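What you are looking at is a predicted structure, and each value in this text was computed from that prediction instead of being measured. Below, chains carry the letters A, B, ... as their sequence lines are ordered, and counting in each starts from 1.
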Protein chains: 2
Amino acid sequence: MSRNNAGLSRERIVAEALRIIDGMGLRSLTMRRLGDALNVEAMAIYHHFPLGKEQLYSAIVEYISDPARALASPAAETAPEDEATPETDPEPEPRPWDQRLRDWACDYRAALLRHSGALPLMIHRRPDTVAALRATELHYAAFTEAGLPPEEVPGAAAALTSYVLGAVIHQVRSEGLPSSDPAVLDGRFPTVMALSSIDVDHDRVFRTGLDALLAGLTAPRVQHGER
Amino acid sequence: MSRNNAGLSRERIVAEALRIIDGMGLRSLTMRRLGDALNVEAMAIYHHFPLGKEQLYSAIVEYISDPARALASPAAETAPEDEATPETDPEPEPRPWDQRLRDWACDYRAALLRHSGALPLMIHRRPDTVAALRATELHYAAFTEAGLPPEEVPGAAAALTSYVLGAVIHQVRSEGLPSSDPAVLDGRFPTVMALSSIDVDHDRVFRTGLDALLAGLTAPRVQHGER
DNA sequence: CACCTGACTTTACGTAGTAAGTCTAGGATG
DNA sequence: CATCCTAGACTTACTACGTAAAGTCAGGTG
C-alpha cells in the first residue's frame with residue numbers, strides 16, 4: 001500500500017464509523033479515532049467528506065435508513081451462515097398490502113435497533129434520501145391498495161413511520177442506564193405498581209401495536225373533538 | 001448581588017440552557033456560553049451539577065419530559081395573556097379515559113415540539129423520572145378503564161408513547177434543512193409523485209393517527225402471522 | 001475574633017474539529 | 001529522459017470545548 005492510497009472510500013469510512021458508534025457510542029466517534037481505525041490520519045477523511053463531520057453524519061443516517069444495506073453488511077455478529085435462499089430471490093411473489101407494510105416496519109425497526117447509537121443523528125435531518133423515498137413509495141402504494149382515499153394516505157404513512165421510529169426509541173430508552181437518582185415507584189403510582197410484574201417482550205409489543213395501528217388506520221374513521 | 005452569590009439554581013440553569021438550545025441548537029450549548037448567559041463563569045455551573053454536562057443534560061430531559069413545566073415557563077413567545085381560568089382549576093371534573101389519553105398526548109407532543117432541539121438527549125436516557133412515572137400511571141389507569149386485560153396494558157401504553165414521540169420526530173425531521181444533494185422525485189416513485197401535492201397539517205395528521213391507534217388498541221384483537 | 005462553609009473564579013490541561021500548508025507518487029508533457 | 005502537474009494523503013497549528021484543581025471571598029457560627 002503506497003503512501004497515498006490507503007484505499008479509502010465513503011462506503012468504507014461510513015462502515016467503520018458505524019462500527020465505532022455501535023461499539024463505543026456516538027460520543028466516541030472522533031475524526032482521529034476514525035482515522036486510526038482506517039489506518040489513516042484524521043484529515044484524510046476530509047478528502048471524502050469535504051464538508052466535515054456533519055456530512056459524515058448525514059452519510060451515516062443515509063446508510064442506516066436503508067434496511068437493505070444496514071441489515072446486510074456491518075454486523076458480523078454471527079458467522080455468515082449459508083443462506084437457505086441462494087441469492088436474489090428470483091420472483092418475489094406479490095404480497096398483500098398489509099404484509100408489505102408489516103415487513104417494511106420490521107426491517108426498518110431492525111436496522112434502527114442494530115445501529116441505535118446513531119439515532120440522535122436522525123432527528124434533525126430531513127428524510128430526503130433515495131431510501132426514504134422508496135419507503136414512502138411503498139407506504140403510499142400499500143395504503144392506496146388498502147382503499148384509503150388519497151387525501152388520507154400521506155397521514156397514514158406518517159403515522160406508520162412515526163410509530164416504528166418511536167417504538168425503537170422507546171425500547172432504547174427503556175434499556176438505557178438508570179439515571180443517577182431514579183424516581184421511586186411508591187403509592188403515588190398504584191396502577192403502575194400493580195402491573196409492574198408484567199415483563200415486556202419488545203418484539204411482541206411492537207407487533208401488537210403495529211397491528212393495532214394498521215387496523216385503526218384502515219378502518220372506517222370516527223371523528224373526535226378538537227380537544 | 002454580592003460577588004459570590006449570583007443566585008444560581010438548577011432550575012435557572014436548566015431554563016437558560018433550554019433557551020440556548022431552542023435558539024441556537026444543541027451543539028451551541030457550551031458551558032462557557034451557558035455561564036455567560038447566566039452572568040457567571042462556566043465552572044460555577046459545576047457547583048450545581050457536580051457530575052458535569054451529562055448531569056445537566058439529564059436535568060434538561062427531565063424538564064422537557066414534564067409538560068406541566070415545559071409548557072409553562074420558558075417560552076415567552078407571546079405576552080402573558082390574562083388567562084380565562086383564573087388559577088388552578090378547583091375541581092378538574094373526571095374526563096373519560098380516551099379524553100385523558102388524548103389530552104396527555106397533545107400536551108406531551110407540544111412540550112417536545114417546543115424544545116425539539118433537545119430531542120437527541122432523550123434517546124438514550126431511561127424515562128425513570130417522576131414525570132415519566134406519572135405519565136405511565138395515567139396510561140395504565142386509562143387503558144385499564146378502557147377494559148384492556150392487564151397483560152395488554154403495558155404494551156398499549158408503550159405503543160401510545162412510541163407514537164407520540166415518533167410523530168414529533170417525524171415532524172421535526174420533515175421540517176429539517178434539506179441535505180446537500182436530496183434525492184430527486186422521479187418516475188421511480190409514481191405514487192409519491194401523484195400525491196405530492198397534498199400538503200400536510202401536522203396537527204391534524206397527528207390527531208388522526210392518534211385516534212386510529214387508540215381505536216386499534218382498544219378494539220378486539222386479531223392475530224397476525226409472525227411475519 | 002477566628003474559623004468554616006458554600007458559591008463562585010482562576011488557572012491549566014487534554015482533546016476535539018478543522019483550516020491551511022506540505023509531501024509523495026504517478027501520469028502528462030516537452 | 002527531465003520536468004511539471006495534480007490528486008490524494010499527511011502535518012502543523014489554531015481555536016474551542018469539558019473539566020480537574022486550586023484559589024478567592026462574603027456571610028454565618030462559635
Distance, rounded to the nearest Å, where A:Leu38 contributes CG and D:dG8 contributes P
17 Å
For residues 132-143 of chain A, which residue pairs qualify under side chain to side chain donor-acceptor pair (under 3.5 Å), counting only residues two or more places apart or in two chains?
A:Asp66-A:Arg134, A:Glu137-B:Thr191
Check the angle between the aromatic planes of B:Tyr163 and B:Phe206 and answer parallel, tilted or perpendicular using the 30° and 60° thresholds.
parallel
Think A:Arg125 forms a cation-pi with A:Tyr57, using NZ or CZ under 6.0 Å from the six-ring centre and within 45 degrees of its axis?
no
Could you identify which residues of residues 42-55 of chain B place a heavy atom less than 4.0 Å from some atom of DNA chain C, listed by residue number, or say none?
B:Met43, B:Ala44, B:His47, B:His48
Hey, which of these two, B:Arg27 or B:Leu8, hits DNA chain C nearer its 5' end, going by closest nucleotide?
B:Leu8
Side-chain atoms of A:Arg32 come closest, of D:dC10, D:dC17, C:dT18, to C:dT18
Please enumerate all residues that pass side-chain contact (heavy atoms from CB on, under 4.5 Å) together with A:Met24, with sequence neighbours excluded.
A:Ile20, A:Ser28, A:Arg33
Hey, mind stepping through B:Asp203 and B:Arg109 against salt bridge (Lys or Arg N to Asp or Glu O under 4.0 Å) and telling me if it holds?
CA-CA 10 Å; B:Asp203 290 2; B:Arg109 171 170 177 265; 2.9 Å; yes
What's the CE-C1' distance between A:Met31 and D:dA9, to the nearest Å?
14 Å
In this structure, how many angstroms lie between the P atom of D:dC17 and the CG atom of B:Leu34, rounded?
12 Å
Okay, side chain of B:Ser65, backbone of B:Glu62: is any donor-acceptor separation there less than 3.5 Å?
no
For B:Asn39 and C:dA7, what is the distance between atoms CG and P respectively, to the nearest whole Å?
18 Å
Which is true for A:Leu56 with a 4.0 Å heavy-atom rule: it touches a base, it touches only sugar-phosphate, or it touches nothing?
nothing
Can you measure A:Asp36 atom CG to C:dT15 atom P for me and round it to whole angstrom units?
13 Å
